[in-house]
Amino acid sequence: MLLNICHSIVQGLDEAIEDIFPLAGQRHCCRHLYSNFKKYFPATILRKYFWGAAKAYTEYMFNKEMNFLKANNKDTYDWLMHPSRPKHRWARHTFDTSIKVDMVTNNLAECFNSWISDERDKPILTLLEAVRLKLMLRFSKMRQVVGGLSDSITYSARKRLAENDNAPFMIVIPSSITEFQVVDNGHNFSVYLAGEKKGCDCKVWNISGIPCKHVLKCIGHNRDVVADYCSEYFKRDKYMKAYQGSIPILPDVRHLVDAEDHTVLPPIIKRKAGRPKLSRRREEGEKAAGPTRGRKRNSVTCSHCGCIGHNRKSCQRVSVGSNKRNRTNVLDFQN
C-alpha cells in the first residue's frame, strides 16, 4: 500500500475512494478536523491537547494528551474517538510506516490551489491546458535542479537532519554494533540500526524515514554516513525518477481539422453582487497569508493638551476663539 490519500472529512468521500482506489490508504486532514472540533469546543486549552494528540509519534504520548483532553472535557474525548472519526486516519502514531510521510494535514493541496489561482476560473479545457504547461515547465526545471544536486539525499531531508541534530546532551550506551540504549533527559530509548527491529522507540525514524536525534547519536557513535540511514524515498536516485518522465506536447486546439462543427457555446455568465473574490475563503481564526490591506488607523494626539484620542479642534480645554485663525483686517492695514 504505497498510495495514501489525505482529504477533508466529507460525507461519502471515504466510500468513493475505497471504490476507485481499493488498495490506497486514507488520512483525514487534521486542520479540517479541528475546524469542526472547535465549532463545538472553542476553548483554547483544548486546541493544545488536540494537536498534541494528533502529532504524537507514540501511543504513549497520544494517550497522555487524550487523557488531558478527557480530564478537561469528557465530551471532547468522546467526539474525537467516535467511530465516524477512526484514529488510524488522523492520529500520526497509527500511520503506515511504509509510506514514510508524517504529514497530518493536506496543505499540499492548498499549495496546488494557490499555484493555479490565476486559471481556476477559466473553462475546463483552458484550465487543463494551463495546468499541463505549468507541469511541463515544472518537470523541466526540477530535472535541472536534480541534475545539479551533488548530495546523495534531497535538500528537505538534509534540512530536517540538521533540525534533528540540534539536540541536547544524550548518553549513548552500545549493546552491539547495531543496538543501542540512549538516555535522553532521563528517558530510555532503544535504537536498532538494522535488522527486523530497525527503528527507534520514539517512532520518528519509523514514520518519517528521517533519522531522529537518538538515531543520529548512534550513527555518530559508529562514525557511519547519515545519508545511508535515510529512507530510499529521500535519495537522489528516487528524486530523479520522479521527474524523468515527460509530458507530451499537443498542437493548438484551434489548428485541429474537424469535418463537423462542434462549437460549444459558453454558459451565460451571471455576475454576482459585490467584488469577485479570487483568494481562498479563510476559516474563522485562521491567520491571513500576508499583511492585511487597508487604511492604517493611528492614534490621534492633541497638540494643545497632549492627550490621545482627539485633536486640537475638538479639545475641550481650548478657550473659546483660540482655534480661529488670526486674520488681518485689510482696512486697518491700509490705515
Does the pair [X]/[Y] count as a salt bridge with the N-to-O cut at 4.0 Å?
| X | Y | value |
| --- | --- | --- |
| Asp102 | Arg160 | yes |
| Arg89 | Asp14 | yes |
| Lys122 | Glu119 | no |
| Lys74 | Asp78 | yes |
| Arg158 | Asp151 | yes |
| Glu65 | Lys55 | no |

If only atom types and distance count, is the side chain of [X] paired as donor or acceptor with the main-chain N or O of [Y] below 3.5 Å?
| X | Y | answer |
| --- | --- | --- |
| Asp201 | Ser190 | yes |
| Asn73 | Phe41 | no |
| Arg27 | Met103 | yes |
| Ser208 | Val101 | no |
| Ser176 | Glu179 | yes |
| Trp205 | Tyr229 | yes |
| Ser114 | Cys111 | no |
| Asp228 | Asp224 | no |

*Looking at Asp165, Asp184, Asn166, which one forms a side chain to side chain donor-acceptor pair (under 3.5 Å) with Lys213?*
Asp184
Is the number of heavy atoms from other residues, nucleotides or ligands under 6.0 Å of [X] [atom1] greater than 12?
| X | atom1 | result |
| --- | --- | --- |
| Arg132 | CZ | yes |
| Glu18 | CD | yes |
| Leu250 | CG | yes |
| Lys64 | NZ | no |
| Leu135 | CG | yes |
| Lys134 | NZ | yes |

Nearest-0.5 Å distance, [atom1] of residue [X] to [atom2] of residue [Y]:
| X | Y | atom1 | atom2 | answer |
| --- | --- | --- | --- | --- |
| Tyr40 | Asp75 | OH | CG | 12.5 Å |
| Asn188 | His214 | CG | NE2 | 10.0 Å |
| Thr126 | Glu129 | OG1 | CD | 8.5 Å |
| Ile5 | Phe21 | CD1 | CZ | 5.0 Å |
| His310 | Thr301 | NE2 | OG1 | 9.5 Å |
| Cys29 | Asn107 | SG | CG | 6.5 Å |

Under 4.5 Å between any side-chain heavy atoms of [X] and [Y], yes or no?
| X | Y | answer |
| --- | --- | --- |
| Phe95 | Val104 | yes |
| His28 | Ser8 | no |
| Ile171 | Val182 | no |
| Met81 | Tyr77 | yes |
| Thr178 | Tyr192 | no |
| Thr58 | Met61 | yes |
| Lys100 | Ile207 | no |
| Ile210 | Ser231 | no |

*Any side-chain donor paired with an acceptor under 3.5 Å for Asn106 and His7?*
no
Cluster check [X], [Y]: I/L/V/M/F/W/Y, side chain < 4.5 angstrom:
| X | Y | answer |
| --- | --- | --- |
| Ile177 | Val191 | no |
| Ile249 | Ile247 | yes |
| Ile153 | Val146 | no |
| Ile17 | Ile20 | yes |
| Val204 | Phe234 | no |

*Would His93 and Tyr57 count as a ring-ring contact (aromatic ring centres under 6.0 Å, His included) if you check the C-alpha gap in whole Å, the side-chain angles of each, and the deciding distance to 0.1 Å?*
CA-CA 4 Å; His93 76 281; Tyr57 281 93; over 10 Å; no
[X] versus [Y], closest heavy-atom pair with distance:
| X | Y | answer |
| --- | --- | --- |
| Asp118 | Asp121 | O-OD1, 3.6 Å |
| Lys235 | Ala227 | CE-O, 3.0 Å |
| Ile45 | Asn72 | CG2-OD1, 4.4 Å |
| Leu149 | Thr154 | CD2-CA, 4.4 Å |
| Pro248 | Met136 | O-SD, 4.5 Å |
| Arg92 | Ala56 | CB-O, 3.5 Å |

_Ring geometry between Tyr243 and Tyr239 (parallel below 30°, tilted from 30 to 60°, perpendicular above 60°)_ = perpendicular
*Relative to each other, are the rings of Tyr34 and Phe50 parallel, tilted or perpendicular (30° and 60° limits)?*
tilted
*Does Trp79 have Arg85 sitting over its ring (NZ/CZ under 6.0 Å from centre, angle to axis within 45°)?*
yes
